[in-house]
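Positions are given from 1, in the same order as the sequence printed here.
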Amino acid sequence: QVQLVESGGGLVQPGGSLTLSCATSGFDFTSYDVNWYRQGPGKERELVASISRYTRRINYAGSVRGRATISRDNSKDTVTLKINSLEPEDTAVYYCKRESSPAAWGKGTQVTVSS
């Protein structure tokens with residue numbers, strides 16, 4: 001019933017930009033924060049960007065601060081992550097997550113930054 005589906009990943013060149021989308025369904029979207037995480041090869045999953053229910057609080061990991069923008073559209077039940085000036089270190093599977101107990105995760109979308 002609860003679904004979070006990421007899209008927008010792919011192969012991009014260093015310095016390029018990418019927009020990831022998380023489409024959600026099956027729950028009251030405005031009742032939850034929905035944030036972006038990523039897990040690079042051989043690394044632990046980490047929080048990339050967070051955004052509160054009504055966008056009043058937004059935070060970014062230091063690794064993407066200044067390059068990333070998180071937004072949400074409560075009329076479409078979606079959360080978007082845009083990353084500019086992509087680096088090879090951004091290569092990871094990107095996940096969106098409903099901040100709930102238990103948590104609800106999407107299946108992820110692969111982002112590969114390589115020339």
Side-chain angles (χ1 to χ4, degrees):
Q1 183 62 233
V2 174
Q3 294 188 19
L4 297 90
V5 181
E6 303 92 340
S7 63
L11 176 63
V12 296
Q13 294 184 338
S17 299
L18 201 62
T19 299
L20 308 178
S21 295
C22 174
T24 74
S25 60
F27 64 95
D28 184 0
F29 183 71
T30 59
S31 292
Y32 299 93
D33 295 359
V34 178
N35 300 327
W36 281 98
Y37 293 73
R38 71 183 182 187
Q39 187 166 19
K43 299 181 179 180
E44 295 184 355
R45 193 168 298 185
E46 64 175 349
L47 177 66
V48 178
S50 63
I51 184 167
S52 60
R53 295 163 60 194
Y54 295 102
T55 76
R56 293 170 183 166
R57 290 179 291 277
I58 295 175
N59 288 284
Y60 299 97
S63 56
V64 302
R65 186 170 293 114
R67 300 187 294 118
T69 301
I70 187 172
S71 61
R72 62 185 286 162
D73 187 339
N74 287 345
S75 70
K76 298 181 179 179
D77 299 349
T78 60
V79 181
T80 299
L81 178 68
K82 300 179 181 179
I83 308 179
N84 301 319
S85 302
L86 285 160
E87 306 166 353
E89 292 74 21
D90 295 317
T91 295
V93 179
Y94 285 72
Y95 302 88
C96 56
K97 174 197 176 188
R98 187 185 75 179
E99 300 293 351
S100 56
S101 182
W105 292 87
K107 294 182 179 179
T109 184
Q110 176 71 50
V111 173
T112 302
V113 184
S114 179
S115 59

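Looking only at distances, no side-chain donor or acceptor of T109 sits under 3.5 Å from a matching main-chain atom of S7. Side chain of R65 to main chain of Y60: a donor-acceptor pair is present (N/O by atom type, distance under 3.5 Å, no hydrogens or angles). A donor-acceptor pair under 3.5 Å links the side-chain atoms of R72 to the main chain of F29, judged by distance alone. Looking only at distances, a side-chain donor or acceptor of E6 sits under 3.5 Å from a matching main-chain atom of C96. Distance alone, capped at 3.5 Å, places no donor-acceptor pair between the D90 side chain and the S63 backbone. The backbone N or O of V113 sits less than 3.5 Å from a side-chain atom of T91, completing a donor-acceptor pair.
Across all non-hydrogen atoms, the minimal contact from V34 to R98 is CG2-CA, 4.3 Å. Of all the heavy atoms in S50 and I70, the pair that sits closest is O-CG2, 3.8 Å. Counting all heavy atoms, side chain and backbone alike, R67 lies closest to E87 at NE-OE2, 3.9 Å. Counting all heavy atoms, side chain and backbone alike, K97 lies closest to W105 at CD-CZ2, 3.4 Å. Across all non-hydrogen atoms, the minimal contact from T80 to W36 is C-NE1, 3.7 Å. What you find for V111 and G9 is that their closest heavy atoms are CG2-CA, 4.1 Å.
Under the 4.5 Å side-chain heavy-atom criterion for Ile, Leu, Val, Met, Phe, Trp and Tyr, Y32 and L4 are members of the same hydrophobic cluster. Hydrophobic cluster membership differs between Y95 and L81, with clusters built from Ile, Leu, Val, Met, Phe, Trp and Tyr side chains linked at under 4.5 angstrom. In the hydrophobic cluster analysis, where Ile, Leu, Val, Met, Phe, Trp and Tyr join through side-chain heavy atoms closer than 4.5 angstrom, V93 is grouped apart from L11. Hydrophobic clustering places V12 together with L20 (ILVMFWY residues linked when any side-chain heavy atoms are closer than 4.5 Å, directly or through intermediates).
Side-chain N/O atoms of D33 and S52 include no donor and acceptor closer than 3.5 Å. If you check the side chains of T30 and D28, you find a donor sitting under 3.5 Å from an acceptor.
You'll find the side chain of Y94 reaches within 4.5 Å of the side chain of I83, heavy atoms only.
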Are R38 and E46 close enough, and set up right, to give a salt bridge (charged side-chain N to carboxylate O under 4.0 Å, His left out), and what steps lead you there?
CA-CA 6 Å; R38 71 183 182 187; E46 64 175 349; 2.9 Å; yes
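Note: T78 OG1 to D73 CG = 4.5 Å, rounded to the nearest 0.5 Å. To the nearest 0.5 Å, the span separating CD1 on I58 from CD1 on I51 amounts to 4.0 Å.
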